[in-house]
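Worksheet: the structure to be examined is printed underneath.
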Amino acid sequence: HFGSKKEAPGGGCSGGGVGPFKGRSPVAAAMALKIFELDRMLEGVQGQIWDRVNGYRHWKEELKKNEGGLETFAEGYKTFGLLREKGGVT
């Protein structure tokens, strides 16, 4: 968890960046800074926000790697769920 207010997340971003954003793309670093500039009340929970962002990135990548992506995963009900058809439910 990213306890430090100034500590940047990892999450596999590639690119330059300096200081706490080393290893992150300049666009990602600028976006990360912008949200916390727009709402100063988020500074105290920056670590929790990055935990959620990185959790999302992790599961998005897992779904892409193992299930063919979020859209394919979300359509799993077509194979594993109950389907209503003209003749009944299968």
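Not measured: the values here are computed from a predicted model.
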Can you tell me how far the CD atom of Gln46 sits from the CD1 atom of Ile35, to the nearest 0.5 Å? 10.5 Å
Below 3.5 Å, can you tabulate the donor-acceptor pairs from side chains in residues 63-77 to any protein atom, sequence neighbours excluded?
| unit_1 | atom_1 | unit_2 | atom_2 | d |
| --- | --- | --- | --- | --- |
| Lys65 | NZ | Glu62 | OE2 | 3.2 |
| Asn66 | ND2 | Glu62 | O | 3.3 |
| Asn66 | ND2 | Glu62 | OE1 | 3.0 |
| Thr72 | OG1 | Gly68 | O | 3.4 |

Which pair of non-hydrogen atoms, one from Arg57 and one from Trp50, has the smallest distance, and what is that distance? NH2-CZ3, 4.1 Å
Connecting only ILVMFWY residues whose side-chain heavy atoms lie within less than 4.5 Å of each other, what is the rest of Met41's hydrophobic cluster? none
Identify whether Val53 and Trp59 are in the same connected component of the hydrophobic contact network (ILVMFWY, side-chain heavy atoms under 4.5 Å). no
